[in-house]
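Below is one structure, written out as structure tokens; comments come after it.
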Amino acid sequence: MDYVWSDRKRTLFGLPLSFTKYMLSEERLFIEQGFLNKKEDEVRLYRIMDVSLTRSFGQRIFGVGTIHCCSADKSLGDFDILSVKNPKDVKEQLSQLVEAQRDVKRVTNREYMDDDHENELD
């Protein structure tokens, strides 16, 4: 399988010294964790509803950040892509692939307004 992006969770000083790997393809995001006991999660990109980026002071110093994904995936739910290098670029790439997959699958994200706002529009 061809991945458009892959990285490891970065630890002290932004070094990839962990057993958590992230791989992104055109259609899916894979999260592999563990050394002796491995766990692999997968989420189809069209199930990701929202993506946000947080960067602590320490993360900014070492050029890493955490991407939070709100997902409609039943087994994984909301999840974080922890401490990855070039987080702004990764977030942008992920957002573009999510939108592309939502268009291909014809999935819409319905955002509802509460009753007060609907009355203002009348």
Side-chain angles (χ1 to χ4, degrees):
M1 174 173 292
D2 293 328
Y3 298 114
V4 296
W5 171 81
S6 65
D7 199 359
R8 288 184 179 270
K9 175 184 165 188
R10 305 218 170 222
T11 57
L12 187 63
F13 306 118
L15 299 173
L17 301 174
S18 75
F19 298 106
T20 300
K21 292 193 290 189
Y22 304 103
M23 290 98 37
L24 179 64
S25 74
E26 297 281 334
E27 297 177 357
R28 298 179 287 178
L29 173 69
F30 301 92
I31 303 171
E32 188 177 288
Q33 298 172 317
F35 176 65
L36 295 176
N37 297 321
K38 288 205 173 249
K39 177 184 175 192
E40 185 174 310
D41 286 311
E42 162 189 333
V43 63
R44 297 203 175 267
L45 296 181
Y46 72 87
R47 293 181 183 234
I48 296 175
M49 303 297 165
D50 192 35
V51 179
S52 62
L53 172 65
T54 57
R55 298 178 76 195
S56 68
F57 180 67
Q59 285 179 319
R60 289 194 326 263
I61 288 173
F62 296 110
V64 299
T66 296
I67 300 167
H68 180 74
C69 298
C70 295
S71 164
D73 188 81
K74 294 207 186 307
S75 64
L76 195 55
D78 293 355
F79 61 94
D80 290 327
I81 302 172
L82 298 166
S83 295
V84 292
K85 199 107 174 123
N86 303 314
K88 286 183 180 181
D89 296 338
V90 174
K91 177 184 165 281
E92 185 59 32
Q93 185 177 24
L94 179 61
S95 292
Q96 289 175 359
L97 289 171
V98 165
E99 287 303 313
Q101 281 301 301
R102 292 175 73 77
D103 288 344
V104 166
K105 303 286 186 192
R106 297 182 182 166
V107 176
T108 59
N109 188 9
R110 297 181 185 173
E111 296 182 15
Y112 296 101
M113 301 175 91
D114 63 9
D115 292 335
D116 294 336
H117 293 298
E118 289 178 16
N119 292 336
E120 290 173 5
L121 298 175
D122 292 336

Determine whether Glu32 and Thr20 satisfy the following criterion, side chain to side chain donor-acceptor pair (under 3.5 Å), listing intermediate values before the conclusion. CA-CA 6 Å; Glu32 188 177 288; Thr20 300; over 6 Å; no
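- Proximity of a side-chain donor or acceptor of Asp7 to a complementary backbone N or O of Val84 within less than 3.5 Å is not detected.
- Residues that satisfy the side chain to side chain contact (heavy atoms under 4.5 Å, CB included) test with Asp41, not counting sequence neighbours, are Ile31, Lys39, Leu76.
- At a threshold of 4.5 Å between side-chain heavy atoms, the hydrophobic network of Ile, Leu, Val, Met, Phe, Trp and Tyr places Val4 and Tyr22 in one connected group.
- Here the shortest heavy-atom pairing between Asp73 and Ser71 reads N-OG, 2.9 Å.
- Arg28 and Leu45 get closest at one heavy-atom pair: N-CG, 3.8 Å.
- Hydrophobic clustering (ILVMFWY, side-chain heavy atoms < 4.5 Å, transitive): Phe79 and Leu97 are in one cluster.
- In terms of heavy atoms, His68 sits closest to Asp78 at CE1-CB, 4.0 Å.
- Cluster annotation: Val98 and Leu53 are assigned to the same hydrophobic cluster (Ile/Leu/Val/Met/Phe/Trp/Tyr, side-chain heavy-atom contacts under 4.5 Å, transitive).
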Going through the distances and angles, do Ser52 and Asp50 end up as a side chain to side chain donor-acceptor pair (under 3.5 Å)? CA-CA 7 Å; Ser52 62; Asp50 192 35; 5.5 Å; no
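- Panel note: side chain Gln59, backbone Ser56; a donor-acceptor pair is recorded below 3.5 Å.
- A donor-acceptor pair under 3.5 Å is formed between the side chain of Thr66 and the backbone N or O of Ser83.
- In this structure, Lys38 places its NZ atom where more than 12 heavy-atom neighbours from other residues, nucleotides or ligands lie under 6.0 Å away.
- There is no path of hydrophobic side-chain contacts, each under 4.5 Å, that joins Val64 to Ile67.
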Derivation and outcome, side chain to side chain contact (heavy atoms under 4.5 Å, CB included), residues Glu40 and Phe30: CA-CA 7 Å; Glu40 185 174 310; Phe30 301 92; 3.7 Å; yes
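- Between the side chain of Ser18 and the backbone N or O of Lys9, at least one donor-acceptor pair lies under 3.5 Å.
- Between Pro16 and Arg8, the shortest heavy-atom distance links the atoms O-CD, 3.7 Å.
- A 4.5 Å side-chain heavy-atom check between Leu94 and Cys69 finds at least one atom pair inside the cut-off.
- Residues Leu29 and Tyr46 do not share a hydrophobic cluster, clusters being chains of Ile/Leu/Val/Met/Phe/Trp/Tyr side chains in contact below 4.5 Å.
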